[in-house]
Amino acid sequence: MLSAAGAALAGVAIRDLTQKKHSLQRNFPVVAHARYALEKIGPELRQYIVTSNDEERPFSRDQRSWIYASAKLQNNYTGFGTDNDIESGEYVIFKQHTFSDVVPPSAVHAGEDVWLPSPKILGGPRGRRDAFRPDSVVNISAMSFGSLSGNAVEALNAGAKLANCMHNTGEGGLSPHHRQGGDLMLQIGTAYFGCRDDEGRFDLDKLMKVVESAPVRAIEIKLSQGAKPGLGGMLPAAKITPEIAEIRGIPLGKDCASPSRHAEFSDVDSMLDFVEKIAQATGKPVGIKSAVGDLTFWQSLVEEMQSGSRGVDFVTIDGGEGGTGAAPLVFSDAVSLPFRVGFSRVYKTFAAAGMQDRVTFIGAGKLGLPDNALVAFALGADMVNVAREAMLALGCIQAQKCHTDHCPTGVATQNQWLQRGLDPTLKSVRVANYIRTLRRDLLKVSEACGVWHPAMLDADDVEIMDGNRTGTPLRHIYGYQPTWGGLSGRIRDDIIEAMAATAPQGGSAPPSGH
């Protein structure tokens, strides 16, 4: 009997080691099945012993389950009503329209293949040579090779190609893993990885060679990120492989520090000179990414851009809730404004000067969930970036070991054994499935609210509920003027024309004829 059990276990182990569908089983044969067994009865255990489906953080079980199901094209619907605390909790409500010109189709997968582009031309207002309209309002956020494994980066980029969206390289440079055919947004950080000389100084010629060597559509200058705003980063020497050292232009055997500040500029004036220098040399739209704290920077930026002689093409606002980057606990918990507050303050600064149409606004910070993303669009975002949610689609189980090099699913590690469990070919499809499903849900809710595109939602279409007692419109909470948050003029007309020509339409039963 013991020999039969041993043989059975050996058979399971061989199957686990050779299959590519489940990273955890591939890395931890046999014992991984215990996790799946616990996961299967997890809702019951949490309901009576531990936590509810909405209590886990940073992503609840409901949120993770929706992402996993979407990535696998499984049924991500729910039954028996919401399990949110509508009696006493705070939650978001989108106000559907009974009658409108937009009629959402009811089919489960309707809208997954619809073209859902940015409402604005990236780089258009400043006349950049390679200005373009991004094909997707959902794109993959900045996560560097080095912090993520090569297999994870390959899967993300191949997934971006399948989903027809952009993939941000992160500040770690453009690696071979980023060259799977997906369009790229190249990020330049404070250490200028991949575009620096032997002394670590910015090198424009190297940048131009990198841009010309890959499908780079835009360039993002990172000022700060939500995980560690105002603080630089550190890649431990143990995680620096020869490949990473070559791509970043750094030595082996030493911790790699990203400074907290840029050397090429020290104020808004010099930063805009740097932006224009890169834009003129490459022809690409150039923008900035930042978390939001003191508003002085943003006020100065708007003032410097008013003349129209210089300016950023886009602004990526990262929420202070933290993200994929490892950081001291106090920075993750207590530095920088959360996304909705920070984004709304920046948007209002531009809108008060009448400049909101001259910049593309991109949101980041747990916006890979439909309700969070739709609030961002109602506040004025034109696109959203997803990071941790894309990691979950890759197979991340929220083990929160990203900073230890011991990620059990091979997503955030340079350990060869662990990352072999992540099959890029399979996981790229799951990333694409997740992005398509997210776009579908954004489109369906927008259509239910009577508009053709999520960016057409405005601050009156959303309310924040205080339990089942009262609701307050976003416009009142964040102090928006009547025209702020939505689209207007030619931008609105162009996106309506584009969506009306491509989006599927629902309908009703045939009229009776009476």
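Just so you know, residue 1 is the first one in the sequence shown, and it goes up from there.
Considering all non-hydrogen atoms of both residues, G172 and S144 come closest at N-OG, 2.9 Å. Looking at every heavy atom in both residues, G485 comes nearest to Y347 through N-OH, 3.0 Å. In this structure, G368 and E389 approach most closely via the heavy-atom pair N-OE2, 2.8 Å. Minimum interatomic distance between K21 and K427 (heavy atoms only, all atoms of both residues): O-NZ, 3.4 Å. Residues G311 and V275 share a closest heavy-atom pair of O-CG1, 3.7 Å. Nearest heavy atoms, P473 versus G471: CD-O, 4.1 Å.
Here K401 contributes atom NZ and L418 contributes atom CG; the two are 11.0 Å apart, rounded to the nearest 0.5 Å. The distance from the CG atom of L295 to the CG atom of L301 is 12.0 Å, given to the nearest 0.5 Å. Expressed to the nearest 0.5 Å, how far CZ of F350 lies from CG of D357 amounts to 12.0 Å. Here the CZ-CZ distance, from R388 to F59, works out to 4.5 Å after rounding to the nearest 0.5 Å. For the atom pair CD1 (I435) and CG (N139), the distance works out to 7.5 Å, reported to the nearest 0.5 Å. Separating the CD atom in E220 from the NZ atom in K222 is a distance of 9.5 Å, to the nearest 0.5 Å.
The backbone N or O of G365 sits nowhere less than 3.5 Å from a side-chain atom of E321 that would complete a donor-acceptor pair. In terms of modelled atom types and a separation under 3.5 Å, the side chain of H97 and the main chain of C449 share a donor-acceptor contact. T349 places a side-chain N or O within 3.5 Å of a backbone atom of R345 that can act as its donor or acceptor partner. R217 places no side-chain N or O within donor-acceptor distance of the main-chain N or O of D183, the cut-off being under 3.5 Å. R436 places a side-chain N or O within donor-acceptor distance of the main-chain N or O of L162, the cut-off being under 3.5 Å. In this structure, the side chain of H453 engages the main chain of P117 through a donor-acceptor pair within 3.5 Å. Proximity of a side-chain donor or acceptor of T190 to a complementary backbone N or O of H262 within less than 3.5 Å is not detected. With hydrogens and angles ignored, the 3.5 Å screen pairs no side-chain donor or acceptor of R439 with any backbone N or O of V114. The closest donor-acceptor contact from the side chain of D405 to the backbone of T413 lies at 3.5 Å or more, if one exists at all. Using modelled atom types, no side-chain atom of R430 and backbone atom of A155 make a donor-acceptor pair closer than 3.5 Å.
Side-chain atoms of L379 and Y478, non-hydrogen and from C-beta on, do get closer than 4.5 Å to each other. V315 has its side chain within reach of I317: a pair of non-hydrogen atoms, C-beta onward, lies under 4.5 Å apart. The shortest side-chain heavy-atom distance between L438 and W66 falls under the 4.5 Å cut-off. By the 4.5 Å heavy-atom criterion applied to side chains, W452 and M456 are counted as neighbours. Between T409 and L422, the closest side-chain pair of non-hydrogen atoms is not below 4.5 Å. The shortest distance between side-chain heavy atoms of Q398 and P58 falls below 4.5 Å. Side chains of F377 and S446 form no contact here, defined as non-hydrogen atoms less than 4.5 Å apart. Here the side chains of E463 and L474 are not in contact, with every heavy-atom distance at 4.5 Å or above.
Annotation: D101, atom CG; neighbour count of heavy atoms from other residues, nucleotides and ligands within 6.0 Å does not exceed 12. Taking a 6.0 Å sphere around NE2 of H476, one finds it holds 12 or fewer heavy atoms contributed by other residues, nucleotides or ligands.
Between the side chains of Q187 and E171, no donor-acceptor pair is found at a separation under 3.5 Å. Judged purely by distance below 3.5 Å, without hydrogens or angles, the side chains of N168 and S141 never pair a donor atom with an acceptor atom. The closest side-chain donor-acceptor pair between Q414 and S149, if any, does not fall under 3.5 angstrom. Side-chain atoms of H178 and N157 form no donor-acceptor pair, as typed in the model, at a separation below 3.5 Å. Side-chain N/O atoms of D382 and S118 include no donor and acceptor closer than 3.5 Å. D294 and T296 share a donor-acceptor pair across their side chains, judged by distance under 3.5 Å alone.
D461 has no carboxylate O lying under 4.0 Å from a charged side-chain N of K95, or vice versa, which leaves the two without a salt bridge. A salt bridge is absent between R358 and D313: the closest approach of a Lys/Arg side-chain nitrogen to an acidic carboxylate oxygen does not fall below 4.0 angstrom.
Screening V451, D494, L116, V102 for a side-chain contact (heavy atoms from CB on, under 4.5 Å) involving M499 leaves a single residue, L116. Exactly one of L186, I221, V312 qualifies for a side-chain contact (heavy atoms from CB on, under 4.5 Å) with V286. That residue is I221.
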Between K289 and D318, is a side-chain contact (heavy atoms from CB on, under 4.5 Å) present by the stated rule, with each step listed?
-> CA-CA 7 Å; K289 173 182 179 176; D318 204 6; 3.5 Å; yes
Would C165 and V138 count as a side-chain contact (heavy atoms from CB on, under 4.5 Å) if you check the C-alpha gap in whole Å, the side-chain angles of each, and the deciding distance to 0.1 Å?
-> CA-CA 7 Å; C165 71; V138 179; over 6 Å; no
Report the C-alpha distance between S136 and M166 in whole Å, list the side-chain angles of each, state the deciding distance to 0.1 Å, and finish with yes or no for side-chain contact (heavy atoms from CB on, under 4.5 Å).
-> CA-CA 8 Å; S136 175; M166 284 189 293; over 6 Å; no
Quick one: do I362 and T360 satisfy side-chain contact (heavy atoms from CB on, under 4.5 Å)? Show the steps, please.
-> CA-CA 7 Å; I362 305 174; T360 292; 4.2 Å; yes
Please walk me through it: do F314 and F361 pass ring pair (Phe, Tyr, Trp, His ring centres under 6.0 Å)?
-> CA-CA 6 Å; F314 63 91; F361 291 95; over 10 Å; no
Checking salt bridge (Lys or Arg N to Asp or Glu O under 4.0 Å) for the pair R490/D493: CA distance, chi angles, key distance, verdict?
-> CA-CA 5 Å; R490 182 174 178 180; D493 294 342; over 6 Å; no
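If you look at Y434 and Y68, their ring centroids are not closer than 6.0 Å.
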